[in-house]
Participant: 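Just passing along the structure, written as structure tokens.
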There are 2 protein chains.
Amino acid sequence: MYSFTEENYLKAIYHLSNNTEAGVSTNAIAELINTKAASVTDMLKKLSDKELINYIKYQGVTLTESGKKAAVSIIRKHRLWEVFLVKKLGFKWDEVHDIAEELEHINSTVLIDRLDDFLGNPEVDPHGDPIPDKNGLFQHKKLISIVRMKIGQKGVISGVGEHSSLFLKHLEKSDLTLGTDITIKEVVEFDGSVLLLIDNNKEITISREVAKNILVVL
Amino acid sequence: MYSFTEENYLKAIYHLSNNTEAGVSTNAIAELINTKAASVTDMLKKLSDKELINYIKYQGVTLTESGKKAAVSIIRKHRLWEVFLVKKLGFKWDEVHDIAEELEHINSTVLIDRLDDFLGNPEVDPHGDPIPDKNGLFQHKKLISIVRMKIGQKGVISGVGEHSSLFLKHLEKSDLTLGTDITIKEVVEFDGSVLLLIDNNKEITISREVAKNILVVL
DNA sequence: GAATAAATTTAGGTTAATCTAAAAAAATAA
DNA sequence: TTATTTTTTTAGATTAACCTAAATTTATTC
Ligand SMILES: [Mn+2]
Ligand SMILES: [Mn+2]
Ligand SMILES: [Mn+2]
Ligand SMILES: [Mn+2]
């Protein structure tokens, strides 16, 4: 269908679109996929010719409907493969992303739909990110960052705002994995660090930076 | 490690080496991977520079030890993925080859070793072809074609000499799948077709062409 | 509203993998 | 053993995806 490279561009533009209202900038894409701006411009022309993006010189880009569809399909594959790696092959949640970056380009709808069934049609991946279904529809839960919570409020850890292995490993070591119940006990005024009660039996203090990147369902 | 294309060349040379004593010819490679001889020559130079093949102009090629190791690793991946597709995702044996052609290039030793364990360390793939272990060693059973068998001889279908979907579907329809017990009842002198008794309860006649491509363990 | 800075695009090249057509070498036949 | 055919290699181009450096456009600052 689309080349490995084209797919990576579409995915990058999709992810960047979720953080901005305006069009995605050439530099932002270049930074995310580790290329130079000039290379991005080349590819934008190509994707525009194929009507996968709306591109006006100097104005940034947005995905067209077919571009969005292609991007969501890649994300579906990425997340399902991550579930497979964790649930079936015993990988940790911080070990699966790079392998999924390769597997997401395997081109077979039958394969991915059967994998989906084999995994029991999971709604989220090992990082709590929602998995689009066969039709590209997400089951979107409303997640909020711990820094948005008030003292005394309770929630369940359901996602992360940062996917680096370093951060994920840190969370794991602190017993702050997905599904953990938390209660906000105190917010330190000085540095914004947060005292949590986890699973109603243990207290732990986390920095504001960590708190910011833990997402909960209330 | 090696590019997608380089891997395909190594695999092609490996497979062709098993049918010949001498070096593999440029044209044979070109035909197998659907390119032109000139393109093959280019790639042979490249693989030779990387010491993956022994190449002397006009003489054909053989794999070096490291070339062989790389080829076997790809074949290991191909066959394990085929097992996964059939055993876990419910694909038929004639549907898995093309998908495995893509999956075999996923680059992660941990992944493939865990997949191997997850599948119960199978010794053969859905077509009866042996799967090399982590160290690249095969469990080689001695297979012979039905046309080599004598009347009255018994055997178990354990492999195929032809992997096309058309042939595999035909075998399935005739209940000549892997593991089936057969006994040679008669060989027609006129056209070499063979009358078989399968699983001690049903007789069936197959053409010499089909017989040639069914491999059994005695 | 110029002048400067930043972002983006164009121009011109490179590399991997492909191709066609022509040349050279090896194999086969007369 | 020469002539013819087949196989293989070389020469020269093409395409996708990159790059650097230079030009151009847009955004910021004084
Ligand atoms: Mn990921
Ligand atoms: Mn994920
Ligand atoms: Mn196969
Ligand atoms: Mn097979």
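As the structure is a prediction and not an experimental result, all values here were calculated from the model. Labels below follow one simple rule: chain letters A, B, ... track the order of the sequence lines, proteins then strands, and each chain is numbered from 1.
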Participant: Answer yes or no: does a side-chain N or O of B/Y55 lie under 4.0 Å from OP1 or OP2 of D/dT9?
Facilitator: yes
Participant: Quick one: B/K36 NZ to D/dA11 C1', roughly how many Å, whole number?
Facilitator: 17 Å
Participant: At 4.0 Å (heavy atoms only), tell me whether B/T26 reaches a base, stays on the sugar-phosphate, or touches nothing.
Facilitator: sugar-phosphate
Participant: May I ask you to evaluate whether A/S39 reaches the phosphate of D/dC19, defined as a side-chain N or O under 4.0 Å from OP1 or OP2?
Facilitator: yes
Participant: Under a plain distance cut-off of 3.5 Å, with no hydrogens placed, do A/S25 and A/N27 share a side-chain donor-acceptor pair?
Facilitator: no
Participant: Across the strands shown, which category fits A/T41 at heavy-atom distances under 4.0 angstrom: base, sugar-phosphate, nothing?
Facilitator: base
Participant: Using a cut-off of strictly less than 4.0 Å, decide whether A/Y9 has a side-chain nitrogen or oxygen near OP1 or OP2 of D/dC18.
Facilitator: yes
Participant: Return no unless some side-chain N or O of B/N27 is found under 4.0 Å from OP1 or OP2 of D/dT6.
Facilitator: no
Participant: State, without any angle test, whether B/D129 and B/H163 hold a side-chain donor-acceptor pair at a distance under 3.5 Å.
Facilitator: yes
Participant: Rounded to the nearest 0.5 Å, what separation is found between the CG atom of B/L44 and the CG atom of B/L52?
Facilitator: 11.5 Å
Participant: Side chains of A/Y9 and A/T35, heavy atoms from C-beta outward: is any pair under 4.5 Å?
Facilitator: yes
Participant: In whole Å, what is the span from the CD atom of A/E7 to the P atom of D/dA16?
Facilitator: 16 Å
Participant: Is B/K57 near enough to C/dA26 that one of its side-chain N or O atoms lies under 4.0 angstrom from OP1 or OP2?
Facilitator: no
